[in-house]
Number of protein chains: 2
Amino acid sequence: MDKREQILASALRLFVEFGFHGTPTSKIAKEAGVSNGTLFHYFATKEDLIKELYISIKNELNQFLFSKITPQDGIEAVIKKVFIYFIYWALENREKNHYIQQVLFSPHIFQIPESVAMEQSQKHIQLIEEAKATKVIKDLPTNLIYTLTNSHLMGIYNYVVNLPTDEQKPIIESGFDMLWDMLTEQK
Amino acid sequence: MDKREQILASALRLFVEFGFHGTPTSKIAKEAGVSNGTLFHYFATKEDLIKELYISIKNELNQFLFSKITPQDGIEAVIKKVFIYFIYWALENREKNHYIQQVLFSPHIFQIPESVAMEQSQKHIQLIEEAKATKVIKDLPTNLIYTLTNSHLMGIYNYVVNLPTDEQKPIIESGFDMLWDMLTEQK
DNA sequence: CAATAGATTGACTAATCACTCTATAAAAGT
DNA sequence: ACTTTTATAGAGTGATTAGTCAATCTATTG
């Protein structure tokens with residue numbers, strides 16, 4: 001792992017444990033095994049570090065999610081895969097998931113340029129639009145569906161994260177079914 | 001408003017705008033119109049201030065929610081009222097709602113004693129237990145219902161907060177219906 | 001009214017921290 | 001081989017900040 005990544009990895013661990021305030025750049029550098037100066041060679045400011053860490057995690061997550069879908073998947077299968085694999089990713093990458101939330105509810109979120117935020121949600125928005133267009137799901141505002149899906153995901157995650165591994169799967173599955181029932185017309 | 005409350009009010013505003021790190025105690029004191037020393041007379045540490053602000057907001061919210069229910073309300077009506085009024089409270093108290101989330105996804109949350117956290121969720125848990133016992137809602141784990149309800153609430157709030165006032169009500173209403181459908185047996 | 005307790009002030013301090021700067025080493029380019 | 005660029009180190013710095021303290025002011029009480 002190169003120094004830049006080493007720094008990001010240490011920053012992640014420390015920010016999640018001690019918060020942005022509670023984590024001096026010196027401590028990050030130390031834990032990453034680099035000097036103070038090196039940290040500022042890669043990241044001009046601490047704020048930059050916070051921001052780039054957020055962006056890199058988001059990108060990693062998106063790449064992971066969309067690597068799981070195959071061309072022959074129908075829209076429902078795609079959405080289900082994105083849902084299910086998000087939970088598994090979050091469970092395997094708890095710190096990263098926590099970090100995303102931490103930034104989301106902090107003033108640092110305003111440092112993320114609108115364009116970057118858009119780019120990251122774009123593919124998800126497209127999925128919803130497609131599902132709406134093909135009448136698979138209800139005709140609710142796209143943003144409402146997007147927001148509700150995200151919060152439902154966080155809800156399921158928050159519950160299963162405290163469960164023993166073997167009890168997680170059924171909850172995750174029925175978690176998806178609940179959402180799906182909510183988004184599709186009742187027959 | 002006495003000085004203690006003045007300090008809490010200023011802290012709220014500044015913490016939400018600039019974050020915990022970005023808000024020096026001196027700035028809080030200044031904005032509250034008290035001296036530095038006075039702030040530390042009421043709150044031994046900055047951490048204490050963060051913690052007590054959180055607890056006071058949570059208590060205020062709970063008191064508000066349960067003041068809305070009347071003895072003749074059935075369990076469904078009670079749950080609906082708690083749901084709907086939470087959204088209205090959050091819309092009227094955006095900073096307070098934001099602050100709660102901010103603490104929730106920060107390391108400061110670990111400063112809140114377990115007992116206080118329990119006390120605050122207890123009444124909500126009881127509602128769910130009662131609804132389950134009277135077979136009004138599905139027999140899912142209470143904690144799962146609690147978590148899903150909370151995240152659904154946040155989802156609805158996040159959506160309606162950007163809407164013009166007159167478009168909020170129908171979304172909030174159908175937001176409740178969606179949740180209710182999810183939690184009750186399909187007929 | 002005297003005495004005690006609590007409230008308030010603001011200057012002060014010890015510590016911390018983000019970031020700079022200079023020096024050197026390594027890599028890349030020509 | 002020589003020059004330029006990039007990477008790394010780590011001591012140093014100026015600014016900031018949480019929290020202290022001694023002094024004064026303001027109720028409250030016996």
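Values below: every heavy atom of this structure, side chains too, minus hydrogens, waters and symmetry copies. Letters go in sequence order (proteins before strands), and every chain restarts at 1.
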Could you say whether A:G37 or A:G22 is positioned toward the 5' end of DNA chain C, judged by the nucleotide with the nearest heavy atom to each?
A:G22

So which one's nearest nucleotide on DNA chain C is more toward 5', A:K46 or B:L39?
B:L39

Starting from [atom2] on [N], measure out to [atom1] on [X] and report it in whole angstrom.
X	N	atom1	atom2	value
B:F18	D:dT16	CZ	P	15 Å
A:I50	C:dC19	CD1	C1'	14 Å
B:F15	D:dA18	CZ	C1'	12 Å
B:F20	D:dT17	CZ	P	16 Å
B:N36	C:dA11	CG	P	10 Å
B:R4	C:dT8	CZ	P	12 Å
B:L14	D:dT17	CG	P	12 Å
A:F40	C:dC17	CZ	C1'	9 Å

Please confirm whether the shortest side-chain N or O distance from [X] to OP1 or OP2 of [N] is below 4.0 Å.
X	N	result
A:T38	D:dA9	yes
B:H41	C:dA7	yes
A:S35	D:dA9	yes
A:Y42	D:dT6	no
B:K30	D:dT17	no

Please name the residue in the list B:H124, B:K123, B:Q120 that meets the side chain to side chain donor-acceptor pair (under 3.5 Å) test with B:N62.
B:H124

Does NZ or CZ of A:K68 come closer than 6.0 Å to the centre of the six-membered ring of A:Y88, within 45° of the ring's axis?
no

Considering every strand and a 4.0 Å limit on heavy-atom distances, what is the contact class for A:F43: base, sugar-phosphate, or nothing?
nothing

Please tell me if the side chains of B:N93 and B:E60 come closer than 4.5 Å, counting only heavy atoms from C-beta onward.
yes

Taking the six-membered ring for Trp, is the centroid-to-centroid distance between A:Y54 and A:H108 below 6.0 Å?
no

Side-chain atoms of B:T45 come closest, of D:dT17, C:dT8, D:dG19, to D:dG19

Salt bridge check, B:K51 against B:E47: does any charged N sit closer than 4.0 Å to a carboxylate O?
no

